[in-house]
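Because only heavy atoms are used, hydrogens play no part in the values below, and waters and symmetry mates are left out as well, while side chains stay in. The model shown is predicted, which means the values in this text are computed figures rather than measured ones.
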Amino acid sequence: MKNKITLLNHLDQSEQKLLHLKTEKKEEDIQLLGVNKTEALVTFDATVLENATLLIGYRSNANKVCMGRYGDKVYSFPAKVNDNADFIRVWIDSRKNENVKFHVNFNGAYSKFADGNDSDALIITFVETPDFVQLSLYDGSLFINQVSHIFTTIPAIKKRIRTIAYSMLNNEFPGLCEKFIAMEDEQSDGEE
């Protein structure tokens, strides 16, 4: 985590406990996903995944942001609305598999979400590497089963989960997929 230290600035007390569990107690079922304006961080178990695709969509009563790393670029979407989106951290605590919890810190405002929360917040996280994909969801507008956490290494299922994730994010953040296409075009132009 040496190059990602700024993403660990300004930890809330609950986040400090999660970091302690993750680093000192070697708790493998706590993941940290984070993005700021210049860097992204994805940790699974004790491993930092340097080149993973990371998409984080977050909507609450006060905020709506999609941040992440797509290809080799960090992004915030929509850019005009999110000039003040300095960082987002999402801790996924799946130590109790049947009760996955999301801890979110957006620009210093900490919130915790799990099944049974009385909140209409929405959290969508998607992580992809060549080896696996993971889609995690908290949707407070649902009456029951507000949390879903899916992980696979099977290629055909990876493709399906990717489609679901991009569809959900593009529906919540219209124009996001067009931004990704533009980012790919920029990268292709830079390689020529």
* **Value rounded to 0.5 Å, distance of NZ in Lys22 from CG in Leu19** => 9.0 Å

* To do: Specify the closest pair of heavy atoms between Glu172 and Leu122, including all atoms of both residues, with the distance to one decimal.
  => OE1-CD2, 3.5 Å

* Donor-acceptor under 3.5 Å (Asn36 side chain, Asp86 main chain) -> no

* Full working for side-chain hydrogen bond (donor to acceptor under 3.5 Å, both in side chains) between Trp91 and Gln31 -> CA-CA 6 Å; Trp91 301 78; Gln31 300 170 5; over 6 Å; no

* Least distance between heavy atoms, Gly68 atom then Val35 atom -> CA-CG2, 3.6 Å

* **salt bridge (charged side-chain N to carboxylate O under 4.0 Å, His left out) against Asp93, all qualifying residues, sequence neighbours excluded** => Arg95

* Hydrophobic cluster of Ile144, others only, ordered by chain and residue number, side-chain cut-off 4.5 Å -> Phe143

* To do: Indicate the ring-plane relationship of Phe113 and Tyr138, choosing parallel, tilted or perpendicular according to the 30° and 60° boundaries.
  => tilted

* **Check against side chain to side chain contact (heavy atoms under 4.5 Å, CB included), Tyr75 and Met183** => CA-CA 9 Å; Tyr75 72 90; Met183 290 169 70; 4.1 Å; yes

* Answer yes or no: is there a side-chain heavy-atom contact under 4.5 Å between Ile124 and Leu135? => yes

* With Val147 as reference, evaluate Ile123, Asp115, Leu142 under the side-chain contact (heavy atoms from CB on, under 4.5 Å) test and give the passing residue. => Asp115

* is_close_aromatic(Phe106, Phe87), centroid dist under 6.0 Å -> no

* To do: May I ask you to test the Val42-Val48 pair for a side-chain heavy-atom distance under 4.5 Å?
  => no

* Asked: Which heavy-atom pair separates Ala114 from Lys101 by the least distance, and what is that distance?
  -> CB-CG, 3.8 Å

* Side-chain (Arg89) to main-chain (Leu7) donor-acceptor, under 3.5 angstrom -> yes

* Do the ring planes of Phe132 and Phe44 sit parallel (below 30°), tilted (30 to 60°) or perpendicular (above 60°)? -> tilted

* Structure fact -> Shortest non-hydrogen pair, Val90 vs Phe102, comes out as CG1-CD2, 4.0 Å

* To do: Applying side chain to side chain contact (heavy atoms under 4.5 Å, CB included), run through His10 and Glu15 and close with a yes or a no.
  => CA-CA 9 Å; His10 312 294; Glu15 291 180 290; over 6 Å; no

* From Cys66 SG over to Tyr58 OH, what is the distance, rounded to the nearest 0.5 angstrom? -> 14.0 Å

* To do: State the OG-NE2 distance between Ser94 and His149, to the nearest 0.5 angstrom.
  => 4.5 Å

* Structure fact -> side-chain contact (heavy atoms from CB on, under 4.5 Å) with His103: of Ile30, Leu18, Asp12, only one passes, and it is Leu18

* Intermediate values then yes/no, salt bridge (Lys or Arg N to Asp or Glu O under 4.0 Å), Lys73 and Glu186 -> CA-CA 10 Å; Lys73 296 193 189 247; Glu186 286 175 18; 3.7 Å; yes

* With rounding to the nearest 0.5 Å, note down the distance linking CG in Leu54 to CD1 in Ile56. => 4.5 Å

* To do: Output all residues satisfying side chain to side chain donor-acceptor pair (under 3.5 Å) with Tyr70, sequence neighbours left out; order by chain, then residue number.
  => Glu184

* Asked: Should Asn117 and Gln146 be marked as a side-chain hydrogen bond (donor to acceptor under 3.5 Å, both in side chains) after you check the CA-CA gap, both sets of side-chain angles, and the distance that decides it?
  -> CA-CA 8 Å; Asn117 270 39; Gln146 296 167 310; over 6 Å; no

* **Any donor-acceptor pair under 3.5 Å from Gln134 side chain to Val127 backbone** => no

* Which pair of non-hydrogen atoms, one from Arg69 and one from Ala52, has the smallest distance, and what is that distance? -> NE-O, 2.8 Å

* Asked: Is a donor on one side and an acceptor on the other found under 3.5 Å between the side chain of Asn171 and the backbone of Ser167?
  -> yes

* Structure fact -> To the nearest 0.5 Å, atom CG of Leu11 lies from atom CG of Leu32 at 8.5 Å

* Asked: How long is the span from the CG atom in Leu55 to the CG atom in Leu169, to the nearest 0.5 Å?
  -> 6.0 Å

* Does any N or O in the side chain of Arg59 come within less than 3.5 Å of the main-chain N or O of Asp120, such that one atom is a donor and the other an acceptor? -> yes

* Under a 4.5 Å side-chain heavy-atom rule over Ile, Leu, Val, Met, Phe, Trp and Tyr, are Leu33 and Tyr110 clustered together? -> no

* Asked: Between the side chain of Thr47 and the main-chain N/O of Thr43, is any donor-acceptor distance below 3.5 Å?
  -> no

* Asked: Closest approach of Gly175 and Phe77, non-hydrogen atoms and distance?
  -> C-CZ, 3.5 Å

* Asked: Which is it for Thr152 and Ile161 under the side chain to side chain contact (heavy atoms under 4.5 Å, CB included) test, yes or no, and what are the steps along the way?
  -> CA-CA 9 Å; Thr152 190; Ile161 291 173; 3.7 Å; yes

* Using the ring of Phe173 (Phe, Tyr or Trp, six-membered ring only), decide whether Lys64 places NZ or CZ under 6.0 Å from its centre and within 45 degrees of its axis. => yes

* Check the pair Ser76, Val65 against side chain to side chain contact (heavy atoms under 4.5 Å, CB included), reporting the backbone distance first and the verdict last. => CA-CA 7 Å; Ser76 178; Val65 64; 4.1 Å; yes

* Side chains of Ser141 and Asp139, donor plus acceptor under 3.5 Å -> yes

* To do: Assess whether atom CD of Gln13 is packed by more than 12 heavy atoms of other residues, nucleotides or ligands within 6.0 Å.
  => no

